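See structure below.
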2 protein chains.
Amino acid sequence: MTSAPNLAIFRSYASKPNPITLPPSILLSHSETCLTVFDAFPKSIFHFLVIPRIQPPLSARHLTDLRSLLRCEKSTARKVLMNLNEEANNVKKMIEEEMMKMYKFKWEIWMGFHPISSMEHLHLHVLSADLYSPKMKSKKHYNSFHPSLGFFLHLKDVLSWFDAVPSYYQRMIKLDASQYQSLLKDGDLCCWQCDRALESMPKLKAHLQDEFGKLTTREKAKSERKRKRTDVPVSSVQAMVTDDERPEKVARLTPSRGDDSSDPTLDVDLLS
Amino acid sequence: MTSAPNLAIFRSYASKPNPITLPPSILLSHSETCLTVFDAFPKSIFHFLVIPRIQPPLSARHLTDLRSLLRCEKSTARKVLMNLNEEANNVKKMIEEEMMKMYKFKWEIWMGFHPISSMEHLHLHVLSADLYSPKMKSKKHYNSFHPSLGFFLHLKDVLSWFDAVPSYYQRMIKLDASQYQSLLKDGDLCCWQCDRALESMPKLKAHLQDEFGKLTTREKAKSERKRKRTDVPVSSVQAMVTDDERPEKVARLTPSRGDDSSDPTLDVDLLS
DNA sequence: TATTCCGATAGTGAC
DNA sequence: GTCACTATCGGAATGAG
């Protein structure tokens with residue numbers, strides 16, 4: 001049984017007068033102007049979508065996607081992006097707190113848009129920099145989040161267009177679909193960290209798992225050195241906490257387990 | 001573990017001074033000039049390969065495939081084909097006897113060549129006109145045996161080239177590979193009996209099973225009418241024979257069971 | 001046009 | 001560039017005296 005896709009589901013969220021009516025399994029947080037939902041198919045360990053609420057002076061059609069927003073009056077568009085940025089920064093802080101609770105270290109977080117989307121309402125991706133997830137299945141998935149391929153448009157870059165000369169602004173907001181599409185299909189599968197080309201998705205996923213494993217090893221060594229310097233031992237009680245005993249709150253920001261279970265484990269035990 | 005392909009295995013059979021050294025699971029019969037083996041991957045209920053033995057004046061390279069044979073001196077080539085034809089007619093009789101034992105009726109038998117082959121020795125396909133087999137898996141398989149698509153070259157047609165005007169003979173024996181290749185890939189999946197196009201191999205296979213079921217139904221009705229006319233009842237003893245009790249000889253010409261078992265059953269019970 | 005295995009690719013259906 | 005399912009297509013390996 002597959003759940004029915006609803007390409008306008010974000011629009012229905014964005015039009016809710018009271019976002020809190022959304023279940024906590026969908027809604028993470030909201031502000032006057034935005035709401036943040038869990039990505040139903042997270043492509044990283046942490047993956048959220050920040051969505052602009054439908055409010056005057058903008059209607060749903062202005063917020064269909066990034067291109068439609070960027071065709072609005074410039075200061076209006078910028079205001080929407082700034083609101084998304086503010087909410088995304090709050091989400092970033094929540095993720096970083098959770099990273100510390102779950103993994104004992106933080107790593108980078110990306111914020112950005114897809115220039116083309118099947119979902120019919122603008123959404124800003126906020127995701128941890130790992131691309132390590134059971135839901136990462138296709139080349140299209142991967143390349144759409146690769147941080148330097150060109151398809152993933154970092155929010156700070158989009159905002160920088162507004163401060164550039166008008167001709168540059170005009171050129172960038174075109175967002176020609178065909179050029180972006182070719183990025184997803186024609187590009188190789190290159191590790192976003194070491195730039196090595198992988199021959200297939202299974203090999204890429206194994207490599208990403210390996211890279212994340214190395215990250216945890218590095219960070220563990222780093223905190224070990226710090227512990228020795230400061231002579232403050234890690235609490236042995238906290239270190240012994242198991243999955244079963246861990247408070248519910250701890251895993252609240254990470255994907256629920258259970259499906260795609262044959263994929264590589266996303267396990268905190270990589271730390272130990 | 002996959003069995004090792006040996007693209008020259010037929011050549012090794014063809015060079016044996018005494019074919020009877022081949023195990024009965026491989027060799028069906030032989031003559032002075034030919035031998036007949038079971039097709040290891042039968043694409044019909046009955047499927048054999050008649051192979052010319054390597055004998056003077058021809059060497060292995062003359063018998064690599066149909067094209068190399070047809071580049072030999074014309075009367076020599078014709079002689080090889082006539083020898084294959086004679087052996088194939090004997091095989092046809094054996095199949096028809098087995099059809100009567102197993103199915104209580106006979107159906108058409110095709111004899112023909114593939115203009116392109118991976119196996120490195122000429123082989124004449126002799127197979128029952130059903131294309132109903134668990135080993136029939138791909139479009140390429142199917143179209144290579146479709147009796148009117150053009151890839152399957154009926155022996156009688158090839159022999160007819162020899163009696164045509166020389167210009168026609170010269171044109172036909174070219175056997176241009178690229179043209180024949182496109183037949184397999186570009187053609188639709190059309191039922192060879194009713195010419196209906198099927199959308200996929202699974203649907204084609206279901207249709208072929210249905211067609212064979214209808215054939216058995218027709219033939220059963222026909223023999224029933226005949227029984228009434230002649231008033232000679234079918235032996236109830238023979239009608240009650242089960243798979244377990246059936247003498248070994250009965251199933252000797254049909255594929256062994258056991259692999260590809262999830263495919264549609266090839267069962268005599270279609271008759272009952 | 002040997003098979004089989006693996007993986008990428010293409011089309012569809014979902015309400 | 002929604003997912004998930006089915007099927008097709010495409011390359012590479014296969015063996016080993």
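Naming convention: chains lettered A, B, ... in sequence-line order (proteins, then strands); numbering from 1 in each chain. What you see is a predicted model, and the numbers here were worked out from it, not measured in a lab.
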Next on the checklist: Stem list for DNA chain D, please, built from Watson-Crick and G-U wobble pairs under 3.5 Å and keeping only runs of at least 3.
Outcome noted: C:2-14 with D:2-14
Checklist entry - Could you give the NE2-to-C1' distance, from His141(B) to dA7(D), as a whole number of Å? => result 15 Å
Next on the checklist: Between dG17(D) and dT3(C), how many Å separate the two P atoms, rounded to a whole number?
Outcome noted: 23 Å
Checklist entry - For the residue pair Phe145(A) and His125(A), is the inter-centroid distance of their aromatic rings smaller than 6.0 Å? => result yes
Checklist outcome for this item: Separation of dA7(D) atom P from Tyr142(B) atom OH, nearest Å, is 18 Å
Show each protein N/O and nucleotides 7-9 of chain C N/O combination with a separation under 3.5 Å, one pair to a line.
| unit_1 | atom_1 | unit_2 | atom_2 | d |
| --- | --- | --- | --- | --- |
| dA8(C) | OP1 | Met201(A) | N | 2.5 |

Checklist entry - With distance as the sole test, does Lys43(B) use its side chain to make a donor-acceptor pair with the main-chain N or O of Tyr132(B) at under 3.5 Å? => result no
Checklist entry - Roughly, in whole Å, what's the span from NZ in Lys140(B) to P in dG11(D)? => result 12 Å
Next on the checklist: Please classify the nucleic acid contact of Tyr180(A) as base, sugar-phosphate, or nothing, using heavy-atom distances under 4.0 Å.
Outcome noted: nothing
Item to check | Protein-nucleotide distance (Met136(B), atom CE; dT3(C), atom P), rounded to Å | outcome: 10 Å
Checklist entry - Roughly how many Å is it from CE in Met119(B) to C1' in dG15(D), rounded to a whole number? => result 13 Å
Next on the checklist: What is the separation between atom CG on Asn6(B) and atom P on dA13(D), rounded to the nearest whole Å?
Outcome noted: 19 Å
Checklist entry - For Glu108(A), which residues count as a side-chain contact (heavy atoms from CB on, under 4.5 Å) partner, sequence neighbours excluded? => result Trp110(A), Ala129(A)
Next on the checklist: Using the side-chain hydrogen bond (donor to acceptor under 3.5 Å, both in side chains) criterion, which residues pair with Ser68(B)? Sequence neighbours excluded.
Outcome noted: Asp65(B)
Item to check | By side-chain hydrogen bond (donor to acceptor under 3.5 Å, both in side chains) - contacts of Arg78(A) (at least two apart) | outcome: Asp163(A)
Item to check | Side-chain donor-acceptor contact under 3.5 Å, Ser59(A) with His62(A) | outcome: yes
Checklist entry - Quick one: side-chain contact (heavy atoms from CB on, under 4.5 Å) partners of Glu120(B), sequence neighbours excluded? => result Leu7(B), Ala8(B), Arg11(B)
Checklist entry - What distance do Lys156(B) atom NZ and Asn85(B) atom CG have between them, rounded to the nearest 0.5 Å? => result 11.0 Å
Item to check | Residue-phosphate contact under 4.0 Å: Lys43(A) side-chain N/O, dC3(D) OP1/OP2 | outcome: yes
Item to check | Upstream residue (5' side of DNA chain D) when Lys203(B) and Leu7(B) are each assigned their closest nucleotide | outcome: Lys203(B)
Next on the checklist: By the 4.0 Å heavy-atom rule, please label His114(B) as base, sugar-phosphate, or nothing.
Outcome noted: sugar-phosphate
Checklist entry - For the pair made of NZ in Lys205(A) and C1' in dC6(C), what is the distance, rounded to whole Å? => result 16 Å
Checklist entry - Please give, in whole Å, the distance from dT8(D) P to Leu204(B) CG? => result 10 Å
Checklist entry - Is NZ or CZ of Lys74(B) both nearer than 6.0 Å to the six-membered ring centre of Tyr169(B) and within 45° of the ring axis? => result yes
